[in-house]
Amino acid sequence: MPHHAAPTAHAGQVTTSQLAEFFVCSNEMARQIMRRVDIPKRGGGYSRQRLWRALGFLGPCPVDDDPLWQPLADVATAAKIAMVSEKTVGRMFDGRHADKTFVNHLFLGPRKRLIFPFELEAWLTGSTPRFQRPIERIHAGLRPGTSSAGISAQKPNRAGRNVRPTAGLFLSPKSA
């Protein structure tokens with residue numbers, strides 16, 4: 001009986017589990033992120049070069065640069081590294097803090113914001129980051145301040161109509 005190995009990613013590709021580790025999320029959320037930035041899965045993985053471009057990196061990036069390919073820092077991790085509270089980092093991510101220099105984070109949703117550890121280190125030391133990621137080059141689905149993160153403020157109610165959350169209280173039940 002022939003033994004079929006599980007599909008693996010080719011060189012220059014990343015698997016869903018590697019993406020989940022990188023984005024500090026579940027496999028399903030990693031797949032959703034890749035759909036949001038229009039990167040299809042091919043040959044058992046996703047193109048790392050296309051991911052780097054979606055993340056806003058200029059020029060060709062090293063495909064197998066280990067220091068760059070490490071898990072991104074979420075609010076809790078960034079707060080621990082910067083030795084400030086999570087609330088302070090959250091305000092910095094949201095642009096509500098007095099320090100407006102904390103700009104190159106990735107917005108995956110209102111409760112999921114990430115930053116590259118090398119950018120956090122550069123921000124702490126006041127130095128130039130090792131790689132440049134202009135905000136306008138970051139894919140709109142990951143860019144801070146855009147509403148294309150796939151999260152809708154209006155949810156369908158049980159009658160199947162899109163309504164504001166408080167308006168749903170006054171709708172009649174769906175007819176049987």
Side-chain angles (χ1 to χ4, degrees), residues 1-81 86 89-90 92-95 102-123 129-156 160 162:
M1 211 179 224
H3 180 269
H4 296 286
T8 58
H10 298 285
Q13 290 187 322
V14 291
T15 64
T16 304
S17 59
Q18 289 171 324
L19 284 169
E21 183 180 334
F22 179 69
F23 285 118
V24 192
C25 65
S26 67
N27 284 355
E28 180 55 34
M29 186 171 180
R31 285 186 208 94
Q32 289 175 3
I33 292 166
M34 297 312 277
R35 281 192 296 269
R36 186 185 314 158
V37 296
D38 304 318
I39 300 176
K41 187 172 186 177
R42 293 189 179 139
Y46 298 92
S47 168
R48 195 176 293 206
Q49 284 296 334
R50 288 186 70 182
L51 176 61
W52 291 142
R53 283 195 303 271
L55 294 173
F57 287 97
L58 298 171
C61 292
V63 175
D64 296 319
D65 188 0
D66 289 338
L68 189 59
W69 189 257
Q70 58 180 308
L72 299 174
D74 59 5
V75 172
T77 304
K80 189 181 293 184
I81 293 169
E86 289 182 28
V89 172
M92 292 170 92
F93 277 160
D94 293 339
F102 203 66
V103 294
N104 274 13
H105 64 279
L106 301 173
F107 180 82
L108 302 181
R111 302 177 102 189
K112 190 69 168 177
R113 295 153 304 174
L114 304 168
I115 189 168
F116 278 91
F118 74 88
E119 289 177 328
L120 181 60
E121 185 66 33
W123 175 78
R130 185 171 144 208
F131 295 100
Q132 296 299 310
R133 290 185 333 108
I135 292 175
E136 61 275 1
R137 301 254 328 181
I138 299 172
H139 190 282
L142 301 173
R143 195 176 309 149
T146 60
S147 61
S148 62
I151 298 167
S152 173
Q154 294 185 357
K155 298 178 181 172
N162 283 334

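For the pair T77/P71, no side-chain contact is recorded, criterion being any heavy-atom separation below 4.5 Å from C-beta on.
When the side chain to side chain contact (heavy atoms under 4.5 Å, CB included) test is applied to K41, the partners found at least two apart in sequence or on another chain are T16, Y46. Residues passing the ring-ring contact (aromatic ring centres under 6.0 Å, His included) test with F23, sequence neighbours excluded: none. Residues passing the side chain to side chain contact (heavy atoms under 4.5 Å, CB included) test with E86, sequence neighbours excluded: V75, A76, A79. The salt bridge (charged side-chain N to carboxylate O under 4.0 Å, His left out) search around E28 returns R31, R35, not counting sequence neighbours. In terms of the side chain to side chain donor-acceptor pair (under 3.5 Å) criterion, S47 has no residue partners (sequence neighbours excluded). Applying the salt bridge (charged side-chain N to carboxylate O under 4.0 Å, His left out) test to E119 and every residue at least two apart in sequence or in another chain returns R133. In this view, S17 and T15 satisfy the side chain to side chain donor-acceptor pair (under 3.5 Å) rule, not counting sequence neighbours. Scored by the salt bridge (charged side-chain N to carboxylate O under 4.0 Å, His left out) test, R113 finds D94 as partners (sequence neighbours excluded).
Residues A30 and C25 come closest through the heavy atom pair N-SG, 3.7 Å. Considering every non-hydrogen atom in both R143 and E136, the closest pair reads NH2-O, 3.6 Å. Across all their heavy atoms, K112 and M29 have their closest contact at CG-CE, 3.7 Å. Contact record, L120 with A78: CD2-CA, 3.7 Å, taken as the closest heavy-atom pair. Looking at every heavy atom in both residues, G45 comes nearest to Q13 through O-NE2, 3.7 Å.
The distance from the CG atom of L72 to the CG atom of L55 is 7.5 Å, given to the nearest 0.5 Å. Atoms CZ and CZ, on R53 and R137 in that order, are 9.0 Å from each other to the nearest 0.5 Å. Atoms CZ and CD, on F22 and Q70 in that order, are 9.0 Å from each other to the nearest 0.5 Å. Once rounded to the nearest 0.5 Å, the distance linking CG of L108 with CG of L142 reads 6.0 Å. A distance of 6.0 Å separates CG in L51 from CG in L19, rounded to the nearest 0.5 Å. Rounded to the nearest 0.5 Å, atoms NE2 (H105) and CD1 (I138) are 8.5 Å apart.
A tilted orientation is assigned to the rings of F116 and W52, their planes being inclined by 30° to 60°.
Although no hydrogens or angles enter the test, the distance criterion places no donor-acceptor pair under 3.5 Å between the side chain of Q49 and the main chain of G12.
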